[in-house]
Structures are given as C-alpha cells and as structure tokens.
Amino acid sequence: MFVDNPFILAILVSGIIAAVLMLALWLGLDRAVARRLVLGAIIPAVAVAVPAAIGLPETARGGIGAALLMLVLGGVCGAILDFAKLSERISLIVAVLLVVLGAWLVLAAPVSGLSYHPFAVKVLAWLAFLIVGATFLWVTRPDFSEDEDPSAASGKGKKTKVARATKAKTAKSASTDGAPDLASIAKPGPVAVLMTLALGQGIIADQFGLRDHVVFQAALWIALVVALVSEKAAPQYRVAVWLGVVSALMASAAAVMISMPASCVSFAVLLLVVSAGRAGPRLAAHIPAGNPAQAVILGSVIRFGVLALPLIMAALVAYVGAQMAGTIS
C-alpha cells in the first residue's frame, strides 16, 4: 500500500489534521489560531517522516550525516515555527526535542556510537550532551519580543498608543545619544556566538584530520555569515537558523569527540564562548564613559575579544592534543 511510505503517511496524517482544523475554522475558530495549529501539526509529522523516509543510513548515525540531517530537520521545523509565529515556549519545546533526537542519532549509533561502551559512560555522555545542548539553546535563543506587532492591538486607542510609544522611544534615544549603551555594544549577538562555535569546531576537526567535518563547518560558517548580514533585513527566519545550527553543531561535536576522544579537552575550552554574553557587559562596566567614541571602540574590542580568546585557546589545546595523540599512536 502507499501508506508503507512513511513520508506519504506523514503527509496524509497532516492533511487529516489540517482538514479537521479547517472545519473548526469554518465553524467559528479564529483564523490565526487555526493557522498556527495547522502548521504546528506539521512539525512532528516532518520530524518523524524525514528520517524514516531516508531510512536512516549508516552515514546518518554517528557521522557527518547526523549533523546534516539535524541541520535539515532544525531548519525545516524552525521555518515552520517562524512562519506560524508560534510562542517562545513552543519553540523551546521543539528545540529540546531536536537536541534529544540529535543525541540519539550520534550517541546511540550501532557502530560509531557508544553502544559498546559501559553503561556509566553512556549515561555520562547523554547527560553532558543534553546539558551542553540546553545551554547552547538558551544562550543563543533569538529575541522573541521583536515579534510583537503594535498594529495587532485591539481597535480603540490603537493609534494613540503607537504614537505615544514612538514619542517615548524617540525621547529616550535622544536623551541617550550622548551616552552609548556599552553593555549592548560589548555583548556578542547569538549569530556571532554560533559563528564562533562553528569556526572553532572546524579548527578542532582540522587539527585531528577529520576533513568531512572541516568541510561541513566551513560551509556552515559561510551560511552563518550570510545569516548575520541578512539578519536585519529578514529577521523572520531567526528560529530556523537557531534550531538548525545548534542541532547541527551539537551532532557534529559529539561525532568528533567519539571518533577522537583526545579532542574533548579542546571542545571543553571552546565552551567558554557561551559565557561571552555575560562577560562582555561585565568588562564594559569598567570602561570610562567620558569619551563616547573611545568607549564605543573599546566596547567593540571587548565583544571581539570575549569570542576570540576562547577560540584561540581551543585551537592551541587542539593542536597540542593532536600532536600528543599522533606521538602516542
């Protein structure tokens, strides 16, 4: 039967759900709620159908294929979340499910995973993967408050409220022109943190001779550069970048550490990048605000430094680890 194909089965299930919800819309359900429910129903169908349709080959279990698969799944689910404009809570739940799926693809792989390791090692690896993945998701999460649309406010007094908000924002910006916000200047953005992680993982993989991962991380870094440039022009796809890149980075890092255990220390050093968001504003608090132009330059240097220093240290540790591993072998 045609339902033996899991992809077609997922489309069939999503179609049935969409038909039921459209019937509810016809009976009086709010249009925006119905649209979000329809698109939200497609997310689990896609997440289940895509891996099942390709049959999860060996390359998608533990190798670079797992990172590619998580990049595709995270991007698709994130695009659906962006288009449906679902809430932050739902996006975080989907993100956690994707990280768990990535852990299963890498850590539970039959050949290249941890199947033949002791139970304590498996538990420790799962806990580390989930804790680090959750930290990455939280630190690099997009700003969902930007999705608030003032025009969506209810009818009465709408123009007055918008005008007051605009005047207040203008007055606030005018009053703070002389004193730049050094904390925001020195704090790296989420995309910049992801770019640093991708670059660091590529350097670590290069030190240990994992060429497939180097090519993947280089392509991912270039894609993040494009995302950073277009972030202001098209902010509606923030969740797609966030879910896809974080899931892919976690899967790729875990695969590298399993194949090259000597790289674990360098990846641990690279984790210092996630503290850049808090370190930047703290360091910026010590900048004298007497000269605004100089303060802005120093804030930019801090923003670059809190990302570059962990990256350089991770590269040095990876170099030493690769040399020691080559000497011992």
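By the 4.5 Å heavy-atom criterion applied to side chains, Val96 and Leu130 are not counted as neighbours. With a 4.5 Å cut-off on side-chain heavy atoms, Leu210 and Ser259 count as touching. Inter-residue side-chain proximity for Ile204 and Val317 is flagged as unmet; no heavy-atom pair is nearer than 4.5 Å. Using a 4.5 Å heavy-atom cutoff, the side chains of Tyr319 and Ile203 are not in contact. With a 4.5 Å cut-off on side-chain heavy atoms, Phe267 and Leu271 do not count as touching. At a threshold of 4.5 Å between non-hydrogen side-chain atoms, the residues Leu311 and Val273 do not count as touching.
Among residues two or more places apart in sequence or in another chain, the side-chain hydrogen bond (donor to acceptor under 3.5 Å, both in side chains) test is passed with Thr140 by Trp242.
Hydrophobic cluster membership is shared by Trp221 and Val274, with clusters built from Ile, Leu, Val, Met, Phe, Trp and Tyr side chains linked at under 4.5 angstrom. Each of Val123 and Met257 belongs to its own hydrophobic cluster when Ile, Leu, Val, Met, Phe, Trp and Tyr are linked at side-chain heavy-atom distances under 4.5 angstrom. By the rule that hydrophobic residues join a cluster once side-chain heavy atoms approach within less than 4.5 Å of another member, Leu307 and Leu309 end up as members of separate clusters. By the criterion of side-chain heavy atoms lying less than 4.5 angstrom apart, applied directly or through intervening Ile, Leu, Val, Met, Phe, Trp or Tyr residues, Val191 is not grouped with Phe304; the two fall into different hydrophobic clusters. Val215 and Val72 fall into different hydrophobic clusters, defined by Ile, Leu, Val, Met, Phe, Trp and Tyr side-chain heavy atoms under 4.5 Å apart, directly or through other members.
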*Take Leu107 and Phe129, measure what side chain to side chain contact (heavy atoms under 4.5 Å, CB included) needs, and give me the verdict at the end.*
CA-CA 9 Å; Leu107 303 180; Phe129 191 102; 4.0 Å; yes
*Hey, mind stepping through Leu92 and Leu137 against side chain to side chain contact (heavy atoms under 4.5 Å, CB included) and telling me if it holds?*
CA-CA 8 Å; Leu92 289 173; Leu137 288 172; 5.5 Å; no
*Test His213 against Asp206 for side chain to side chain contact (heavy atoms under 4.5 Å, CB included), laying out the working first.*
CA-CA 8 Å; His213 289 272; Asp206 179 68; over 6 Å; no
*asked:* Could you walk me through whether Leu105 and Met70 satisfy the side chain to side chain contact (heavy atoms under 4.5 Å, CB included) test, starting with their C-alpha distance in whole Å, then the side-chain angles of each, then the deciding distance to 0.1 Å, before giving a yes or no?
replied: CA-CA 9 Å; Leu105 286 175; Met70 293 311 301; 3.6 Å; yes
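Distance check: Leu101 CG to Met250 CE gives 13.0 Å after rounding to the nearest 0.5 Å. Separation of atoms CZ (Phe119) and CG (Leu124) is listed at 11.5 Å; rounding is to 0.5 Å. Atoms CG and CG, from Leu224 and Leu197 in turn, are 9.5 Å apart once rounded to the nearest 0.5 Å. For the atom pair Ile131 CD1 and Phe136 CZ, the distance stands at 12.5 Å (nearest 0.5 Å).
Taking both residues in full, the closest heavy atoms of Leu243 and Gly74 are given as CB-O, 3.5 Å, listed atom of the first, atom of the second, then distance. Scanning both residues, Leu114 and Ala125, for their nearest heavy atoms gives CD1-CB, 3.3 Å. Annotation for Ala248 and Ala67: closest pair CB-O, 3.6 Å, computed over non-hydrogen atoms. Of all the heavy atoms in Pro310 and Val269, the pair that sits closest is O-CG1, 4.1 Å. Annotation for Ala251 and Val106: closest pair O-CG2, 3.7 Å, computed over non-hydrogen atoms. Pairing each heavy atom of Gln201 with each of Gln217, the nearest pair is OE1-NE2, 3.1 Å.
Side chain of Ser252 to main chain of Leu249: no donor-acceptor pair is present (N/O by atom type, distance under 3.5 Å, no hydrogens or angles).
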